[in-house]
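Quick note on labels: first sequence line is chain A, next is B, and so on, each numbered from 1. The basis for the numbers below is simple: all heavy atoms, side chains too, and nothing from hydrogens, waters or symmetry mates.
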There are 2 protein chains.
Amino acid sequence: MAVTRRTSRDIRSESRLDVLHALLLAGEASRGDLVGVTGLSNATVATVVSDLIEGGLVIEARRTGGRVGRPTTSLRLNGNRGRIVGVDVAETYIRATVFDAALDELASAEVAADEHDDDADYVVDRIVSALDAAIGQAGVARADVLGVGISLPGGMAGWGGVSAVVPDATWPHVDRLRERIDLPIVIDNPLKAIATAELWFGEGRRHASMITINLGTGVGAGIVLEGTILRGATNFAGEWGHSLLALDGRQCRCGRKGCVEAYVGASGIQQTLAGIAPAHPLAAETTQREFIGALAAALEPPSPDPAVSETMDLTARYLGSAIADLVAIVNPEMITLTGWTAWALGGHLVPAVRRRVIEESPGDAAAGLAIEVSTVRGNSVATGIATIALERFLSDVGLVTTRLPTAL
Amino acid sequence: MAVTRRTSRDIRSESRLDVLHALLLAGEASRGDLVGVTGLSNATVATVVSDLIEGGLVIEARRTGGRVGRPTTSLRLNGNRGRIVGVDVAETYIRATVFDAALDELASAEVAADEHDDDADYVVDRIVSALDAAIGQAGVARADVLGVGISLPGGMAGWGGVSAVVPDATWPHVDRLRERIDLPIVIDNPLKAIATAELWFGEGRRHASMITINLGTGVGAGIVLEGTILRGATNFAGEWGHSLLALDGRQCRCGRKGCVEAYVGASGIQQTLAGIAPAHPLAAETTQREFIGALAAALEPPSPDPAVSETMDLTARYLGSAIADLVAIVNPEMITLTGWTAWALGGHLVPAVRRRVIEESPGDAAAGLAIEVSTVRGNSVATGIATIALERFLSDVGLVTTRLPTAL
DNA sequence: TGGATAAATCTAACCTTTAGAAAAACGGTT
DNA sequence: AACCGTTTTTCTAAAGGTTAGATTTATCCA
């Protein structure tokens, strides 16, 4: 596939996204504020805003009379334009979250999922019931739902061996899902979701390049370059969890040996602990999220568990080395950590990881690199996949013309 | 650093580059041909071409009277517009190559360099003498030289520990180099050079994403995404040679342990051979390029050396696994191999590497992936760095306005 | 009622692109 | 020698985009 040509229409499309994004971040802003934030001229902002008002996405909120002079009319996103739902299908749970059109969270519902049940019918059922529960809880009419984003942990294993996120090789059950849900659907994978979340709510647009790392059952990286998500040829970009940390190392659930995930994924961390203290009670914990939560608790003063501390040190080394590889290859300006492992253990891990990355990265590649726990609010997978659904809606309405290469 | 805004001028700039590139590839083409190749309208092509003719870069070559109708005026790059020199500073040699403005090679000169002498004065001297020799041999007046591109293997070690390619942290001796040469100079690193070469003479523009891998003393990857070179925050992107293949593995010259380079760099391959057959005569060869050449010779039928064959198998496994990591993270459409190791051994390595990559890449990431020896003519580092110098010249003349983020 | 002032809008200029009409250049035919 | 058909190249008009700067609008205050 060759590179696509850019036309002046794309510029307008980007201007619209810029304005929307600025409004989303600011909550409320005048046209003049938007000029300052976006760097666009006041004329452009005016026309873009009137497009958005016409599309019902933006409303004039109120007039703030200053001391003197014409009062400011502040603008904000029109949350009542409709509802967006994001569904985070994880290995251990399925959670559906309802947002308004300003991407403020309204309600959410979670159903447990059997980690070992790959049956498509089962998964489709669970997705539908989580979705229905969330919509019901939010008290939203189905007709108000502008779009549903579903994040499927594609790429690896299961699901009949067929990835759900490859644009060409469709997951064979998408049609059934679409039929059952009967709303506009977008499917993508969690890495693209967290990258999108970072682009709208986090560090994505403040840096020319950034990577957000997802730490949970699985491990992966959302790569954002020049404000664009790196998807790669088959939407597999960022599957860093299945890059090598150690040749012929630990067995990974993907079949390969020595993957990053086998060391810093939740069960990898447990394996590390078991290596240090085989008889440690936490080494036998069967629920991954319980295990990670217990680790965090065991580190609290006044008496941090020494085996757990050692586990954290080793995990930080593994993670630091693996991140250094990412730095060597992509050399980003900033890295954020997200996912439930990061939320629970991030504070303990970040300083050691940072040291290790600087030590291990080639030359000065990590010189100005910032590494932080992500500031994206809430569950960044759900937020991100909902944002992708919103982008898709904007595109359907014609407010955005840039091709959005989402999967399905 | 935030993302920069695109204006309509950038579009014109890109159109000019597109036309130039099409002309470079075709050698000779009419305006109509260019319309077909670039996808631009005939009006745009006409204005762009007249800009380029005015700038002296393109000339109307001749009129080819067809059977009937207005005869075609074919256009081509004006080689006589001036000369460009590319200097490939490698660990073991320094080679300067003179090109005309159509990037056809005119002459080149090589001087040996001591692999272990890092002294800046020494290196500057060698660069200057290679440059002078090449210019002399080509019989070119200094005033005709539009620019000199110098590729320095920055990033790693040596050179007083300061990287030459970090835009901000200047190599302390650049000023001296500039003073001695007294011509417009651009400095960049070889990975960016081979990526540029691939963009102008190879597969770069035919694919939305591609990676070109440099195999020589050092090892690295030039990453091309959407027709743009990935540079990263500090121009270190692509230093994949110093990403991990094996945690705590072989000692690498960069100080880290287990880098890819320590396994598939020239001396890494030698180490692999020594591991298989410690007493093998080639294991004692002291010149890297001789060693690689001898390996290729030893594989020729009718009696391929079994120890060398085994070395190749193992090297292909290492290289395949390392490339699979790149595929997991970037997921490119195509990968090319370049550098003298690839030219000598590529034919033997590629099939096994390809198998290994498909086996080791996550999911279907490598499904449609092509892996080939690069088709870029000649030394792609010299060609690429010269092309960067030409781009810089175009920018100075005002024909290209897109910021070209070269180092110095 | 009439300033002073700040925000929002309008205007004109300039940039790009494309589609399609018009012009140019030539061989062959009358 | 004049004309015609054909093909390539150039020109023209329309549509979109952007910006800087002038103009209008809306309010408070004297």
Side-chain angles (χ1 to χ4, degrees), chain A residues 4-19 22-23 26 28-54 58-76 398-402, chain B residues 4-19 22-23 26 28-54 58-76 398-402:
Chain A
T4 52
R5 180 162 297 288
R6 297 177 71 87
T7 97
S8 53
R9 278 204 189 79
D10 296 334
I11 298 179
R12 169 54 58 102
S13 168
E14 273 168 32
S15 300
R16 290 203 186 107
L17 281 173
D18 282 352
V19 167
L23 269 177
E28 215 173 281
S30 74
R31 292 172 174 82
D33 296 341
L34 293 173
V35 168
V37 174
T38 61
L40 295 165
S41 72
N42 40 16
T44 303
V45 168
T47 52
V48 164
V49 165
S50 76
D51 289 350
L52 295 174
I53 288 177
E54 199 173 323
V58 167
I59 49 177
E60 296 193 331
R62 61 200 172 80
R63 340 207 72 169
T64 326
R67 288 264 145 275
V68 52
R70 179 171 175 168
T72 313
T73 44
S74 43
L75 308 162
R76 58 179 179 73
L399 284 171
V400 169
T401 59
T402 320
Chain B
T4 53
R5 179 163 300 287
R6 297 179 70 87
T7 100
S8 52
R9 280 206 188 79
D10 296 335
I11 299 179
R12 167 56 58 101
S13 169
E14 271 168 35
S15 299
R16 290 204 186 107
L17 281 174
D18 283 352
V19 167
L23 269 178
E28 215 173 279
S30 75
R31 291 170 174 81
D33 296 340
L34 294 173
V35 168
V37 175
T38 60
L40 296 165
S41 71
N42 41 15
T44 304
V45 168
T47 52
V48 165
V49 164
S50 74
D51 288 350
L52 294 174
I53 288 178
E54 199 171 326
V58 167
I59 49 176
E60 296 194 330
R62 60 202 172 78
R63 342 208 72 170
T64 327
R67 289 264 144 274
V68 51
R70 178 172 174 165
T72 314
T73 43
S74 44
L75 307 161
R76 59 179 178 72
L399 284 169
V400 168
T401 58
T402 321

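- The phosphate of D:dT8 has neither OP1 nor OP2 within less than 4.0 Å of any side-chain N or O from B:R31.
- Defined by atom type and a distance below 3.5 Å, a donor-acceptor pair is present between the side-chain atoms of A:R31 and A:T73.
- Here the C1' atom of nucleotide C:dA7 and the CG atom of A:L34 are 13 Å apart, to the nearest Å.
- Between B:T73 and D:dT8, a side-chain N or O to OP1/OP2 separation shorter than 4.0 Å is absent.
- The distance from atom CD of B:E60 to atom C1' of D:dT10 is 12 Å, rounded to the nearest whole Å.
- Distance, A:R16 CZ to D:dT18 C1': 14 Å, rounded to whole Å.
- Distances from the side chain of B:N42 to the nucleotides C:dG20, C:dT18, C:dA8 place C:dG20 closest.
- Within the 4.5 Å cutoff, no side-chain heavy atoms of A:V37 are placed close to those of A:D18.
- Look at CD1 on A:I11: it is 11 Å from C1' on C:dT17, rounded to the nearest Å.
- The separation between A:D51 atom CG and C:dT9 atom P is 13 Å, rounded to whole Å.
- Side chain of B:T72, nearest nucleotide from D:dA26, C:dT9, D:dT9: D:dT9.
- Proximity note for A:S41 (side chain, C-beta onward) versus D:dT18, D:dT19, C:dT17: the nearest is D:dT19.
- For A:T44, a side-chain nitrogen or oxygen approaches OP1 or OP2 of D:dT19 to under 4.0 Å.
- Checked by atom type, the side-chain pair A:T47/A:S50 shows no donor-acceptor distance below 3.5 Å.
- Comparing B:G32 and A:A43, the nucleotide of DNA chain D nearest to each residue sits closer to the 5' end for B:G32.
- Residues A:R16 and A:D51 meet the side-chain proximity criterion, which asks for heavy atoms closer than 4.5 Å.
- A close approach under 4.0 Å does not occur between any side-chain nitrogen or oxygen of B:R12 and OP1 or OP2 of C:dC15.
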